[in-house]
Amino acid sequence: MPKIIILPHEELCPEGAVIEAEPGTTILDAALANDIEIEHACEKSCACTTCHVVVREGADSLPEASEEEEDMLDKAWGLEPESRLSCQAVVDDEDLVIEIPKYTINMVSENH
C-alpha cells in the first residue's frame, strides 16, 4: 500500500506524518482518515481551493488534473507547478510526499 508522507505543518500536523493510503483514495480522504484535518470548505466538490497541497514527490503517479481542477488551482494561494487539490488527486501505487501550504484563500476555518 502506498504511503503519503506529510511534511510538518505548524497547525495541522506539527510533527509531520506517514500514512498509508488505499490506491483509488484521494489525498484528502486519506489525510482525514488519519486525523489530519486538511480544510475542505466545498465538501470535496472541486469548488474551492482550501484543500490545496503541493506534491513534492510522486506527482507523476497521480492522474492529470482536470480542466476544472486547473481552473480552481489558478485561485490558490502559493500556487506551484506541483500544486493539486487534495480532494481531486487520487493516489495510485507510488508513495507521495505532500506539503500543506501555510495559508489558504479562506479567511475563516470551516472546522469540519
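- Taking a 4.5 Å side-chain heavy-atom cut-off between Ile, Leu, Val, Met, Phe, Trp and Tyr, the cluster of Met1 contains only that residue.
- In plain terms, the two heavy atoms of Thr25 and Ala30 that are nearest each other are CG2-N, 3.7 Å.
- Among residues two or more places apart in sequence or in another chain, the salt bridge (Lys or Arg N to Asp or Glu O under 4.0 Å) test is passed with Glu68 by none.
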Can you give me every donor-acceptor pair (side chain of residues 17-24, partner residue at least two apart or in another chain, under 3.5 Å) with its distance?
none

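- Closest heavy-atom contact between His40 and Leu32: CE1-CD1, 3.7 Å.
- Looking only at distances, a side-chain donor or acceptor of Asp95 sits under 3.5 Å from a matching main-chain atom of Lys3.
- Val97 and Ile36 are not part of a single hydrophobic cluster, where members link through side-chain heavy atoms under 4.5 Å apart.
- From Ile100, atom CD1 reaches atom NE2 of His9 across 6.0 Å, with rounding to the nearest 0.5 Å.
- Taken from NZ in Lys44 to CG in Leu85, the straight-line distance is 13.5 Å, to the nearest 0.5 Å.
- To the nearest 0.5 Å, atoms CD (Gln88) and SG (Cys51) are separated by 7.0 Å.
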If you look only at distance, which donor and acceptor atoms sit under 3.5 Å apart when one is on a side chain in residues 53-61 and the other is two or more places apart or in another chain?
from  : atom 1 : to    : atom 2 : distance (Å)
Arg56 : NE     : Glu99 : OE1    : 2.7
Arg56 : NH1    : Glu80 : OE1    : 2.7
Arg56 : NH2    : Glu80 : OE1    : 3.2
Arg56 : NH2    : Glu80 : OE2    : 3.1
Arg56 : NH2    : Glu99 : OE1    : 2.7
Ser61 : OG     : Gly58 : O      : 2.8

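- Using a 4.5 Å cut-off on side-chain heavy atoms (C-beta onward), Leu62 and Asp92 make no contact.
- Both Leu12 and Ile6 are assigned to one and the same hydrophobic cluster, defined by single-linkage of ILVMFWY side chains at heavy-atom distances under 4.5 Å.
- In plain terms, the two heavy atoms of Thr26 and Ser86 that are nearest each other are CB-O, 3.5 Å.
- Applying the side-chain contact (heavy atoms from CB on, under 4.5 Å) test to Ala47 and every residue at least two apart in sequence or in another chain returns Cys42, Ser45.
- Under the side-chain contact (heavy atoms from CB on, under 4.5 Å) criterion, Lys75 pairs with Thr49, Met72, sequence neighbours left out.
- Here His52 contributes atom NE2 and Ile38 contributes atom CD1; the two are 11.0 Å apart, rounded to the nearest 0.5 Å.
- If you take SG on Cys46 and CD on Glu69, they are separated by 5.5 Å, rounding to the nearest 0.5 Å.
- Hydrophobic cluster membership differs between Ile98 and Val90, with clusters built from Ile, Leu, Val, Met, Phe, Trp and Tyr side chains linked at under 4.5 angstrom.
- In the hydrophobic cluster analysis, where Ile, Leu, Val, Met, Phe, Trp and Tyr join through side-chain heavy atoms closer than 4.5 angstrom, Leu7 is grouped apart from Ile4.
- Looking at every heavy atom in both residues, Pro14 comes nearest to Pro8 through O-CB, 3.4 Å.
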